[in-house]
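In what follows, every chain begins at residue 1, and chains take the letters A, B, ... in the order their sequences are listed. Any value given below was found using the heavy atoms of this structure, including those in side chains, with hydrogens, waters and symmetry copies removed.
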2 protein chains.
Amino acid sequence: MANGRSPSVKDVAASAGVSLGTVSNVMNRPEVVSPATRERVERAMAELGFVRNESARQLRAGTSRTLAYVMLDGSNPFFHDVAQGIELAAEDADLSLFICNSNGRADREAVHLDRLMQQRVQGVLITPVDPEAPHLAEIGRRGIPIVIVDRVGAGGASCSVAVDDVLGGRIAVEHLAEQGHTRVAVVGGPESIGQVRERVEGARQIWAELGLPPGDLTYLPTSALTVAEGRSAGERLAGIPARRRPTAAFCANDLLALGLLQQGIGAGLRVPEDLAIVGFDDIEFAAAAAVPLTSVRQPRQELGRSAAQLVLDEATNPEHRHQQLSFVPELVARASTVARPRPH
Amino acid sequence: MANGRSPSVKDVAASAGVSLGTVSNVMNRPEVVSPATRERVERAMAELGFVRNESARQLRAGTSRTLAYVMLDGSNPFFHDVAQGIELAAEDADLSLFICNSNGRADREAVHLDRLMQQRVQGVLITPVDPEAPHLAEIGRRGIPIVIVDRVGAGGASCSVAVDDVLGGRIAVEHLAEQGHTRVAVVGGPESIGQVRERVEGARQIWAELGLPPGDLTYLPTSALTVAEGRSAGERLAGIPARRRPTAAFCANDLLALGLLQQGIGAGLRVPEDLAIVGFDDIEFAAAAAVPLTSVRQPRQELGRSAAQLVLDEATNPEHRHQQLSFVPELVARASTVARPRPH
DNA sequence: GGTCGGCGTTGAAATGTTTCATCGGCGTGT
DNA sequence: ACACGCCGATGAAACATTTCAACGCCGACC
């Protein structure tokens, strides 16, 4: 039965007593083949357990049926939500999605991109380590559609989908100021990450515009956007003398915020009374924290979905124009900044 | 410059003044070609920006350079940790990893598997909706190595890697009993998920063995393993009259536990004094919860890594024997069950 | 000086699918 | 009765790579 290799179109053709062109027609344009033979062919396929060889199809067609998403940090649920959005769009277009993870390392990213080029994927979506990196431009030069996700690309040379991170930083800190905080910590890093730079920048902007003294906005740098780094930042925060210590913190993402929250509560702080916290991204775990986290929401799935649509447009529409989509972030206020009436 | 299609081996051969067989040799067995010509070919490749066409390679070679992981629930970080483990092993073997997500739906799973067969992937790792489903056996029958992850396959027909879920349920509830709890809730569902069935089963087993009355082990069914369902279970728990209400809960996974924890704290319960909670999986967010969560740890990455090794063995080793790997889960006790001395 | 062996290179075959020009047969209209 | 047109099926070419038997050349050995 199993003679080792799987049956090919030729085998099906022989078994059904037709030419192999006809078998191909049954698969690709069933309407041109008469119902009788079509059924005969289909039966033969089922009998032999025929499975179309995608490499051969792709070789001849010159184009694959896959998109790829290279994400920046697989341990951050935010990127999985983005990926989910992409997947939905890919599904609609009947494409497969290849998910890679650079883990923030440029060399891994380059390896992935190289492989994807070899696979001749239809398009690449990427949240890059560095949007200016030469291997990104390389992809575009090869004629493979590429869309930068959650960053804006270099000089409009490609499409991109992002939220306005500066604005996000502004609304976060503005919210804290509205709650009456006059000493605020900004937690985030490393500064090599563009998103971090811009969110911090937004915080500084609005702080200045509100006329608050720059010295009262404390920057606490971190070496990564992780829960552990959030905890560590919390310890540093606790080390500041009480009278100068910030009463609120804006974290560059939710993982940091969760770590900070955990450390604070563990140290006996009341949140938000002793320390108010704002995160960024609004991942699902933000709302699920024991003190639900106020966060700057990014439309995570929508980000992915529209990025996928852009890449598909570039792949199929000859008069495609590159565009930079920018979504507006939105503050979701929860208990970590807004004290609720306490049950007394 | 860009004449539309990317350069092929033939173009490189012409440019370097050698035959196309030689170019292939430069790529696949550099040692047989003389250093001089090799360098000439390599220069030509770089000049033309040659990128090997993977479909053609694959068509001729008959085998691809990719593994695939079909995960059960993309919104559960547990599976991403498993995927990470697989990715590490794949990287070592110089393979790409295709990540798919069935989202718990058998039809999506079947679609993914079909596509993967078309791609002639080297092997499939899967956490199936139903390990008995016919489309799983189909893969194996085609000669594609397949490994069941986090479940045991049907009748030893394929390799599998899992933890002993029954044992996990036992140690969780045993731990609660040791803490002096005599009324315990078991939270989880739907029962169509095998992991849930076994964890609950383990809980019941140990409860009986400890000689505790079956009526004091309350089963709270949920419709999914999500944070939201955990909250909802918390509300139902709160609705039980205080004198019969369980003082501890064992949740079938950490997402449920986090939801339950959040709901409990929001309702003013002290954890663990009023309600102790044990989760399952020990995802990173478990330790990061405001009250760090006691959980039954699965070796997440290790699960993925060894599954990948099994699939590779099946793919390359002719005398491969199917095996069912079973890891031992381990209780990680944290503050959600063990009260720490309170700062007074 | 002729033969042998080995190294480096060659060219053709093979992989499985799609596409497209072509062909055969049949019905219709004149 | 003949030509025309149409529908359905055919078979060969093309896609880019790998593999392998064969070949030419050179030095060494007898």
Novice: With a non-hydrogen cut-off below 4.0 angstrom, is A/Val23 in contact with a base, only sugar-phosphate, or nothing?
Specialist: nothing
Novice: Name all pairs fulfilling the salt bridge (charged side-chain N to carboxylate O under 4.0 Å, His left out) condition that reach into residues 143-161 of chain A, sequence neighbours left out, sorted by first residue then second.
Specialist: A/Arg151-A/Glu198
Novice: With 3.5 Å as the limit, what N/O pairs link the protein to nucleotides 11-14 of chain D?
Specialist:
{"unit_1": "D/dA14", "atom_1": "N3", "unit_2": "A/Arg60", "atom_2": "NH1", "d": "3.0"}

Novice: List in chain and number order the residues that pass salt bridge (Lys or Arg N to Asp or Glu O under 4.0 Å) with A/Arg120, two or more places apart in sequence or in another chain; answer none if no residue qualifies.
Specialist: none
Novice: What contact category does B/Arg29 fall into here, base, sugar-phosphate, or nothing, at under 4.0 angstrom with non-hydrogen atoms?
Specialist: sugar-phosphate
Novice: Can you pull out every ring-ring contact (aromatic ring centres under 6.0 Å, His included) where at least one residue sits in residues 97-147 of chain B? Sequence neighbours excluded, please.
Specialist: A/Phe98-B/Phe98
Novice: For a quick test of reading the model: is some side-chain N or O of B/Ser24 closer than 4.0 Å to OP1 or OP2 of D/dT18?
Specialist: yes
Novice: Going by side-chain hydrogen bond (donor to acceptor under 3.5 Å, both in side chains), name the residues that satisfy it together with B/Ser102, two or more places apart in sequence or in a different chain.
Specialist: none
Novice: Between C1' on C/dT17 and CD on B/Gln119, what's the gap in Å once rounded to a whole number?
Specialist: 15 Å
Novice: Could A/Glu54 and B/Arg115 be called an ion pair, given the rule that one side-chain N must be under 4.0 Å from one carboxylate O?
Specialist: no
Novice: Rounded to the Å, how far apart are A/Arg40 CZ and D/dG8 P?
Specialist: 14 Å
Novice: Which pairs of donor and acceptor atoms, one on a side chain in residues 78-85 of chain B, lie under 3.5 Å apart (sequence neighbours left out)?
Specialist:
{"unit_1": "B/His80", "atom_1": "ND1", "unit_2": "A/His80", "atom_2": "ND1", "d": "3.1"}
{"unit_1": "B/His80", "atom_1": "ND1", "unit_2": "A/His80", "atom_2": "NE2", "d": "3.3"}
{"unit_1": "B/His80", "atom_1": "NE2", "unit_2": "A/His80", "atom_2": "ND1", "d": "3.3"}
{"unit_1": "B/His80", "atom_1": "NE2", "unit_2": "B/Gly74", "atom_2": "O", "d": "2.7"}
{"unit_1": "B/Asp81", "atom_1": "OD2", "unit_2": "B/Arg300", "atom_2": "NH1", "d": "2.5"}

Novice: Who are the side-chain hydrogen bond (donor to acceptor under 3.5 Å, both in side chains) partners of A/Thr66, not counting sequence neighbours?
Specialist: A/Ser64
Novice: Using OP1 and OP2 only, check whether a side-chain N or O of B/Thr37 sits under 4.0 Å from C/dG8.
Specialist: no
Novice: Within this structure, what is the NZ-to-C1' distance between A/Lys10 and C/dT18, rounded to whole angstrom?
Specialist: 15 Å
Novice: How long is the line joining CG of B/Asp11 and P of D/dC15, in whole Å?
Specialist: 11 Å
Novice: Could you give the CE-to-C1' distance, from A/Met45 to C/dG16, as a whole number of Å?
Specialist: 13 Å
Novice: Where along residues 50-59 of chain B does a heavy atom come under 4.0 Å from DNA chain C, residue by residue in number order?
Specialist: B/Leu59
Novice: Check the pair A/Arg52, A/Asn28 against side chain to side chain donor-acceptor pair (under 3.5 Å), reporting the backbone distance first and the verdict last.
Specialist: CA-CA 11 Å; A/Arg52 184 219 242 98; A/Asn28 301 309; 3.1 Å; yes
Novice: May I have the list of side-chain donor-acceptor pairs in residues 8-17 of chain B shorter than 3.5 Å, sequence neighbours left out?
Specialist:
{"unit_1": "B/Ser8", "atom_1": "OG", "unit_2": "B/Lys10", "atom_2": "N", "d": "3.1"}
{"unit_1": "B/Asp11", "atom_1": "OD2", "unit_2": "B/Arg5", "atom_2": "NH2", "d": "3.0"}
{"unit_1": "B/Asp11", "atom_1": "OD2", "unit_2": "B/Ser8", "atom_2": "N", "d": "2.8"}

Novice: Does C/dG16 have OP1 or OP2 sitting under 4.0 Å from an N or O in the side chain of B/Arg120?
Specialist: no
Novice: Report the residues that fulfil side-chain contact (heavy atoms from CB on, under 4.5 Å) with B/Ser75, sequence neighbours left out, ordered by chain and then residue number.
Specialist: B/Asp73
Novice: At 4.0 Å (heavy atoms only), tell me whether B/Ser34 reaches a base, stays on the sugar-phosphate, or touches nothing.
Specialist: sugar-phosphate
Novice: Take the C1' atoms of the five end pairs on each side of the helix from C/dG1-D/dC30 to C/dT30-D/dA1, derive the two axes, and give their angle rounded to 10 degrees.
Specialist: 60°
Novice: Tell me which pairs pass ring-ring contact (aromatic ring centres under 6.0 Å, His included) where either residue lies in residues 52-71 of chain A, with sequence neighbours left out.
Specialist: none
